[in-house]
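To find a chain, count down the sequence lines: A is the first, B the second, and so on, and within it residues start at 1.
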There are 4 protein chains.
Amino acid sequence: MKLWGGRFSGKMDPAAWDLNSSLAFDRRLALQDVRGSLSWAQALEQAGALTEDECAQIFTGLQAILSEFEQGHFLFLESDEDIHTAVERRLGELMGPVAGKLHTGRSRNDQVATDLRLWVMDHLPLLDAALANLQAALIERAEADFELLMPGYTHLQRAQVILLSHWWLSHFWPLQRDRQRLKQALQRTASLPLGCGALAGTPYPIDRLALAEALSFSEPASNSLDAVSERDFVLEILFCSALVGVHLSKLAEAIVLFTSLEFGFLELSDAYATGSSLMPQKKNPDVFELARGKSGALVGWLTGLLVTMKGLPSTYDKDLQEDKTPLFNAIDTLNTLLPVLAGALRSLRVHPERMRAAIDSTMMATDLADYLVEKGLPFRQAHALAGQAVQLSLKQGKPLESLTLEEFQALGEEFGPITFDAEVYQVFDPARSALRRSAIGGTAPQAVHEQIQQAKKAV
Amino acid sequence: MKLWGGRFSGKMDPAAWDLNSSLAFDRRLALQDVRGSLSWAQALEQAGALTEDECAQIFTGLQAILSEFEQGHFLFLESDEDIHTAVERRLGELMGPVAGKLHTGRSRNDQVATDLRLWVMDHLPLLDAALANLQAALIERAEADFELLMPGYTHLQRAQVILLSHWWLSHFWPLQRDRQRLKQALQRTASLPLGCGALAGTPYPIDRLALAEALSFSEPASNSLDAVSERDFVLEILFCSALVGVHLSKLAEAIVLFTSLEFGFLELSDAYATGSSLMPQKKNPDVFELARGKSGALVGWLTGLLVTMKGLPSTYDKDLQEDKTPLFNAIDTLNTLLPVLAGALRSLRVHPERMRAAIDSTMMATDLADYLVEKGLPFRQAHALAGQAVQLSLKQGKPLESLTLEEFQALGEEFGPITFDAEVYQVFDPARSALRRSAIGGTAPQAVHEQIQQAKKAV
Amino acid sequence: MKLWGGRFSGKMDPAAWDLNSSLAFDRRLALQDVRGSLSWAQALEQAGALTEDECAQIFTGLQAILSEFEQGHFLFLESDEDIHTAVERRLGELMGPVAGKLHTGRSRNDQVATDLRLWVMDHLPLLDAALANLQAALIERAEADFELLMPGYTHLQRAQVILLSHWWLSHFWPLQRDRQRLKQALQRTASLPLGCGALAGTPYPIDRLALAEALSFSEPASNSLDAVSERDFVLEILFCSALVGVHLSKLAEAIVLFTSLEFGFLELSDAYATGSSLMPQKKNPDVFELARGKSGALVGWLTGLLVTMKGLPSTYDKDLQEDKTPLFNAIDTLNTLLPVLAGALRSLRVHPERMRAAIDSTMMATDLADYLVEKGLPFRQAHALAGQAVQLSLKQGKPLESLTLEEFQALGEEFGPITFDAEVYQVFDPARSALRRSAIGGTAPQAVHEQIQQAKKAV
Amino acid sequence: MKLWGGRFSGKMDPAAWDLNSSLAFDRRLALQDVRGSLSWAQALEQAGALTEDECAQIFTGLQAILSEFEQGHFLFLESDEDIHTAVERRLGELMGPVAGKLHTGRSRNDQVATDLRLWVMDHLPLLDAALANLQAALIERAEADFELLMPGYTHLQRAQVILLSHWWLSHFWPLQRDRQRLKQALQRTASLPLGCGALAGTPYPIDRLALAEALSFSEPASNSLDAVSERDFVLEILFCSALVGVHLSKLAEAIVLFTSLEFGFLELSDAYATGSSLMPQKKNPDVFELARGKSGALVGWLTGLLVTMKGLPSTYDKDLQEDKTPLFNAIDTLNTLLPVLAGALRSLRVHPERMRAAIDSTMMATDLADYLVEKGLPFRQAHALAGQAVQLSLKQGKPLESLTLEEFQALGEEFGPITFDAEVYQVFDPARSALRRSAIGGTAPQAVHEQIQQAKKAV
């Protein structure tokens with residue numbers, strides 16, 4: 001069945017029909033389509049376009065269809081062009097000619113835009129919960145691994161001592177921003193297209209404010225031409241998803257590194273690792289690699305829809321049908337990934353001794369420079385002097401902390417008289433190094449403790 | 001000059017130096033860098049790491065540098081690795097060794113992230129103003145062209161009658177959403193990295209809340225590892241820019257269409273048109289084509305930085321240096337485009353008679369169906385019958401409104417007894433068709449009038 | 001069943017298993033997987049790693065499996081991790097322990113890379129045929145519509161007269177380049193990974209030259225590390241597909257324009273047009289809009305896989321599993337689109353009178369300039385003078401060809417004495433304008449005739 | 001100066017002029033533009049559109065301009081719209097009105113497409129040389145580090161022993177494919193647009209075959225509409241560049257890993273490393289991080305131009321002006337990166353002892369399985385048994401090779417009677433493991449030796 005054809009004499013080419021049909025993917029909008037139609041019928045009745053009785057009949061039919069969908073009994077036909085057609089066709093089967101009154105004053109253009117927004121409004125809260133669950137896993141890790149020291153890296157070179165809990169939380173905040181962005185996107189999604197007709201508005205006296213309220217939208221869209229054709233909300237959610245993907249790729253990259261034997265800081269539970277068909281010894285971090293790899297598809301779906309939207313003139317063009325697949329794919333991908341990552345994080349085993357062993361005294365070179373700053377040297381000179389100390393230790397093949405006071409003293413000369421004393425060796429204590437960084441956001445235990453509280457409140 | 005080197009014995013390869021140097025593009029952060037340093041010096045003084053006198057000296061020096069930048073007198077050296085180095089080098093020339101105290105407790109990692117956020121906080125309001133100016137031009141057009149009728153299109157086929165003012169406003173609302181998104185992005189940008197050091201936080205008792213306030217940030221970043229390495233704010237602004245680009249491409253596509261001779265609805269002012277080196281008659285809409293074309297680069301910059309960020313492990317990696325060029329390019333592109341488009345829109349000449357002539361009576365076929373609905377036919381059958389009327393008019397080669405009552409009557413038979421009456425010919429009045437669509441967001445003059453008021457309040 | 005696990009004690013988390021499993025999409029490689037295994041068994045036998053009898057047993061089993069796949073009888077189990085596992089599991093069911101010998105010296109890393117290349121080698125010829133079919137439709141149109149004149153556009157402004165056949169052929173050559181690119185990509189695909197093991201090569205004396213020949217590859221891959229991890233061939237095909245998409249979007253955009261009522265040059269057959277659920281008169285070019293819209297997804301799949309590949313270190317990472325979906329999607333999309341577009345083009349109706357009516361005399365302004373060049377004026381001045389003639393005709397509201405000789409004469413003065421004569425009016429003959437452009441590649445009928453011959457030879 | 005304007009009465013808006021002007025970037029086409037004009041003048045003379053004397057004058061002028069460009073003396077004016085206008089303007093200054101004859105029968109549309117192709121034909125050989133230089137560095141490393149053993153990784157987990165030289169060469173072959181692709185793109189670039197006019201061809205009897213030969217093109221373009229508007233060659237080169245970028249990102253990622261202290265296989269020369277402004281001990285692999293990071297921009301430029309090209313109708317639209325910046329940027333980026341990477345590779349210091357120390361006996365688990373295969377066990381069971389051995393060694397906390405024969409023996413039982421013998425301990429010799437993988441493309445020294453010879457021949 002198709003909802004048009006009066007003016008056509010020829011039949012559609014079967015391959016063209018297949019290309020044109022969207023049922024394969026828009027059937028996911030079934031529940032939303034029926035809910036939208038229920039509210040539309042009510043609005044038509046209020047506008048005097050349906051009698052109370054007609055409205056009641058349509059309600060009965062739509063409720064039956066809803067229940068068919070919910071129980072998986074609904075029968076789609078090959079000839080249903082899309083979900084809207086399928087529902088109207090079925091309504092006709094159930095209720096007879098009154099079904100033909102449902103589409104009064106409405107177009108599939110405003111209908112599908114409404115359905116898709118409803119779908120988003122139904123599904124974003126689930127995505128939000130999945131993100132919050134991953135955040136919760138990160139907080140749990142931060143609490144469980146609270147005071148463990150590890151090397152912090154920049155440029156993948158050992159940089160300064162940090163707390164593992166601080167590192168876990170560094171993956172918490174990006175997700176917090178993601179959730180905030182998604183919430184704001186959701187607010188923008190809640191602008192109702194229904195009642196905009198094909199493009200010009202509806203000629204029936206529909207109360208669009210009431211209609212918006214009935215469907216839990218915050219407002220009716222202000223401009224019918226814009227409302228039937230804008231897909232900003234889809235693009236925005238695809239961007240948010242791509243950014244979540246990038247954040248997960250960052251976490252995943254680090255876990256892949258840290259579970260390598262060379263780092264050895266973390267170890268995967270068998271429940272989240274895989275093996276090799278050839279190499280018996282392998283234990284691979286596939287789930288993290290997939291998280292990293294799937295960031296590609298997430299970026300691709302965003303790019304793809306941006307390309308599709310580019311250069312379209314105003315109001316509805318069929319190109320817009322390409323909006324659904326990337327949206328569904330993106331949400332599905334994240335909903336599949338997020339719980340697995342949360343589970344994998346929760347079950348990771350930490351090797352504190354491997355992290356501790358990777359902290360060498362050159363990582364406290366900044367603390368050495370700070371020691372010299374306390375002695376009155378400008379930081380820039382203190383930095384140069386500490387650098388020379390590092391160079392000397394490398395040349396002599398002994399750790400920085402094994403340089404003698406005399407050797408330290410000898411370095412300082414070009415910068416004037418500095419007296420190194422025995423306290424210099426205290427700077428090489430990693431715990432002290434972390435403890436000193438106690439300003440807000442720093443890695444000192446107290447600061448991290450406060451950060452955990454802040455995170456718990458935020459989540 | 002470079003800010004490091006104590007531990008190095010060899011010299012850097014010149015080509016590697018050139019690749020590494022970022023001065024060519026980060027010099028645009030000059031003012032922000034100095035402002036950040038002024039606040040940092042103050043914070044160091046409050047933390048006891050600088051004496052009042054040292055702080056005053058550094059202030060004097062930085063103010064002098066600021067003034068050199070503002071007057072274009074600042075001399076960059078080939079050997080300046082980046083803007084931060086250039087400023088510290090110059091400070092040393094002006095004030096001597098005290099300059100070496102400025103970098104105490106700070107790293108270029110937190111410094112550059114702060115500078116870039118300050119730059120964004122300085123420049124987004126300008127972009128917002130440029131967007132608002134284009135919106136203002138659209139409102140002006142909507143008011144000037146208020147009651148002009150034009151054909152509305154879907155699938156680039158004539159669909160229903162609309163008001164030109166309604167069409168102008170359909171390009172207003174996307175920009176409104178863009179501005180809202182940019183404002184929310186700006187709020188997320190106002191989270192201060194300074195005081196996060198290289199990655200682990202600063203060991204000096206810096207009051208980061210006060211520092212944030214001094215630099216007009218809303219809060220200090222909560223996690224130092226995240227703060228020095230996240231570029232979400234850049235990605236978000238690049239996304240917003242890409243979406244603005246897509247919106248401009250939509251407007252541009254339509255203007256290119258409407259200024260073609262085949263449509264002929266609009267005519268470019270000579271001030272915004274260009275000619276051909278070969279064809280003397282040409283008057284080309286280059287500025288709109290460039291707007292449409294540049295949406296490509298805007299999408300490309302977003303994609304590019306997403307690729308760069310993908311798969312980086314936590315904290316600072318040099319890859320992040322690639323964040324500036326796309327950001328600067330995107331903002332520059334929009335700031336160049338927007339005023340030209342606003343000017344071009346304001347100076348467009350409208351040809352109402354061409355628009356009116358393009359409204360043919362088949363565009364009122366929906367109104368014909370609605371007429372039949374009033375006669376009691378379910379919409380689905382009314383639609384089919386109206387479609388047959390269109391088919392008949394095409395077959396007979398005469399306009400829909402020229403069908404006789406008998407011809408209309410003959411069509412209806414399969415749907416039962418419908419009596420067409422003379423009032424049917426009223427449906428072919430385009431003004432009436434527009435007038436009927438008076439629900440919120442519709443194209444009826446009253447609804448558009450209210451929309452203009454809403455737009456004026458929103459802008 | 002999974003092909004590993006000896007070293008594992010825990011069970012895999014079910015959600016992690018689902019995420020990890022690739023059977024949902026790699027089952028499309030079934031035939032290729034079996035064919036690869038048949039050749040591998042033979043190679044193992046030649047290398048002495050299988051006895052003749054073992055090889056025969058494995059052959060029997062694999063042939064049975066092949067036939068199960070071909071007849072749609074093969075039963076996949078939930079527990080099959082991927083297509084390779086499913087086949088090996090089934091082989092064991094059919095033939096017992098000897099099945100366990102098939103994977104000797106092989107890894108899924110070289111296996112899947114081989115399977116995917118085989119799939120490409122099977123499917124690119126079909127894509128090539130679909131492209132050639134669209135090219136054939138373009139040639140047919142060029143011959144059928146041979147001497148029809150139409151306005152040629154630049155900047156969507158009327159520029160110069162061209163032949164419709166010339167315009168059809170302008171869409172032929174891009175597809176010719178696409179096919180050439182795809183053929184070269186196919187050649188690069190035919191480099192065999194099998195025999196590279198997991199990464200380091202196979203320890204069995206496999207004759208990889210013979211193996212390559214047996215599987216119709218042109219050579220064994222030269223480096224095992226590269227062979228198991230490079231996906232250049234997928235990226236290259238995705239690029240080629242994206243470029244085909246851009247070419248189709250260009251054709252589609254033009255058809256959408258030309259079938260609009262404002263242009264009216266072409267009319268869709270009912271077999272390739274669709275209607276509106278609301279507006280009874282609509283006849284929409286959905287198939288061309290979908291072609292245009294789907295170029296987005298094609299670009300997105302390319303971008304997505306580029307993102308996935310970025311920053312992976314050498315040899316196999318699980319991220320590579322993300323290569324299949326975009327490849328399959330891209331090929332499927334083109335194979336769906338191309339025949340529909342060919343059919344739609346073949347069935348288009350041309351309206352020569354609408355094209356002729358759109359040719360106005362200003363389109364011959366270049367010919368007017370050329371006329372003046374013949375009179376001895378440098379082209380730059382001739383161009384300026386012709387431009388003034390256009391301006392005069394616009395001001396006077398009469399066609400360029402209606403300017404009197406005196407009016408023409410009056411324009412010329414600033415450039416010195418030019419004598420316009422009656423022959424000037426010949427330049428306004430559109431057929432003459434086309435006829436003059438007879439150099440290779442031009443729009444003159446003779447040049448287009450030669451172009452058609454060249455196209456026929458090339459296709 | 002602008003090359004049009006006869007028909008215009010108003011002046012162009014200054015901001016619109018700035019937007020429209022392309023001189024800022026197309027001035028890089030100066031030499032190509034003059035060379036194209038020299039050949040065009042000659043073609044006009046041969047076609048009888050210029051006298052011998054006029055052609056000679058134009059030659060004199062263009063040669064003078066060429067020399068001004070080469071010596072950096074050419075003076076651009078603010079009012080030059082683009083490089084073509086600048087050259088024609090200057091020609092007029094030098095030679096008077098005869099300059100106005102140069103543009104006869106030509107348009108900027110065919111001119112700029114020709115210039116850009118000439119630029120590509122000039123610059124791709126340089127890029128090819130830079131790629132070949134990096135390949136040469138890789139071969140040098142492969143020869144210098146020939147028999148050094150290292151752990152090979154999959155999923156970043158230790159997998160099997162490989163030769164470092166083999167690993168170096170795994171980065172050689174992708175570049176070989178890149179060069180092949182670029183050469184094929186270059187062949188497609190060598191199709192001449194000149195003589196296609198604005199869109200319809202040139203009305204002068206230009207010998208385009210001779211013109212193509214004069215400018216070193218392989219053929220004249222076959223269709224004028226296609227020739228002035230297709231930018232496939234730019235897109236193809238941008239794709240090739242993006243793929244080079246991905247290849248470099250892979251190499252860079254691995255070098256960043258291998259120069260980390262945790263791996264420690266490689267050490268950067270001071271000439272290619274950088275330090276930290278804060279942390280005195282840091283030695284960072286910035287050049288490799290930049291290579292990895294810049295892959296983002298390279299992908300972005302490709303995506304951007306694909307977006308720009310999408311949905312444009314046929315022949316020239318101003319959007320095409322956006323083709324130059326990404327092309328120039330991509331080529332510049334690679335030409336900057338490649339020599340630095342080659343230098344950095346050549347100067348890397350290898351730590352064989354660190355690589356050797358990272359080879360643990362579990363990496364020979366596949367060899368253990370192969371040992372069991374020799375004993376008659378099907379590989380699948382041998383794999384399971386070797387996996388159990390690994391599990392036992394992990395449980396006992398001792399290396400695989402320290403399991404006693406009894407312990408090995410105890411594992412085998414479920415698979416039937418296998419007799420482990422003392423030879424089993426030979427499988428744990430890494431050199432033997434490598435030696436065994438001697439099939440083409442494998443890591444055995446002899447196979448790698450042959451690979452080096454193959455690479456040397458190919459480069």
- Task: Answer whether the closest heavy-atom distance between the side chains of D/W40 and D/T114 falls below 4.5 Å.
- Result: no
- Most contact-rich option vs chain B, by heavy-atom pairs under 4.5 angstrom, among D/G304, D/S269, D/G275, D/P14, is D/G275
- Item | Pick from B/T336, B/V287, B/L19 with the largest number of heavy-atom pairs that fall under 4.5 Å of chain D | B/L19
- Item | B/R231 side chain near B/D319 side chain, heavy-atom distance below 4.5 Å | no
- Query: Hey, is the main chain of B/A273 close enough, under 3.5 Å, to the side chain of B/K283 for a donor-acceptor pair?
  - Reply: no
- Taking atom types as modelled, is there a side-chain donor on D/H84 or B/S277 under 3.5 Å from an acceptor on the other? no
- Task: Name the member of D/M309, D/K282, D/K310 that forms the most heavy-atom pairs with chain B at distances under 4.5 Å.
- Result: D/K282
- Message: Looking at chain B, which one of D/V307, D/N284, D/D270, D/D323 has the largest number of heavy-atom pairs inside 4.5 Å, strictly under?
- Response: D/D270
- Going through the checks in order, is the side-chain hydrogen bond (donor to acceptor under 3.5 Å, both in side chains) test met by D/D82 and D/T85? CA-CA 5 Å; D/D82 52 29; D/T85 307; 2.6 Å; yes
- Given the options D/T325, D/T104, D/L320, D/D317, which has more heavy-atom pairs under 4.5 Å with chain B than any of the others? D/D317
- Residues of residues 292-302 of chain B near chain D, each having a heavy atom less than 4.5 Å away: B/R292, B/G293, B/K294, B/S295, B/G296, B/A297, B/V299, B/G300, B/W301
- Item | Residue pair D/L305 / D/V234, side-chain heavy-atom distance below 4.5 Å | yes
- Note on the structure: Cut-off 4.5 Å, heavy atoms of chain B, and the answer for D/L199 is side chain
- Message: Heavy-atom cut-off 4.5 Å, strictly under: side chain, backbone, both or neither for B/P339 against chain D?
- Response: neither
- Is it the side chain or the backbone of D/L341 that comes within 4.5 Å of chain B heavy atoms, both, or neither? neither
- Message: I want to check something: taking the side chain as every heavy atom from C-beta on, are D/Q321 and D/F25 in contact at a cut-off of under 4.5 Å?
- Response: yes
- Message: Sort by residue number and list every residue of residues 245-259 of chain B having at least one heavy atom under 4.5 Å from chain D.
- Response: none
- Item | B/A242 versus chain D, the contacting section by heavy-atom distance below 4.5 Å | neither
- Message: Counting only non-hydrogen atoms closer than 4.5 Å, does B/S276 touch chain D with its backbone (N, CA, C, O), its side chain (CB onward), both, or neither?
- Response: backbone
- Heavy-atom distance under 4.5 Å between the side chains of B/S107 and B/V228, does that happen here? no
- Item | Proximity breakdown for B/L312 and chain D, heavy-atom pairs closer than 4.5 Å | side chain
- Measure distances from D/T274 to the heavy atoms of chain B and classify the residue's part below 4.5 Å as side chain, backbone, both or neither. both
- Find the one option among D/N20, D/D18, D/N109 whose heavy-atom pairs under 4.5 Å with chain B are most numerous. D/N20
- Query: Which answer fits D/Q281, side chain, backbone, both or neither, if we ask what part of it has an atom under 4.5 Å from a heavy atom of chain B?
  - Reply: backbone
- Task: Heavy atoms only, distances under 4.5 angstrom: which of D/S347, D/A198, D/G105 has the most pairs with chain B? Name it, please.
- Result: D/A198
- Item | Options B/M12, B/E289, B/R106, B/R108, ranked by heavy-atom pairs under 4.5 Å with chain D, top entry | B/E289
- Taking atom types as modelled, find out whether B/E81 and B/W4 have a side-chain donor-acceptor pair closer than 3.5 angstrom. yes
- Residue pair D/L29 / D/K324, side-chain heavy-atom distance below 4.5 Å: yes
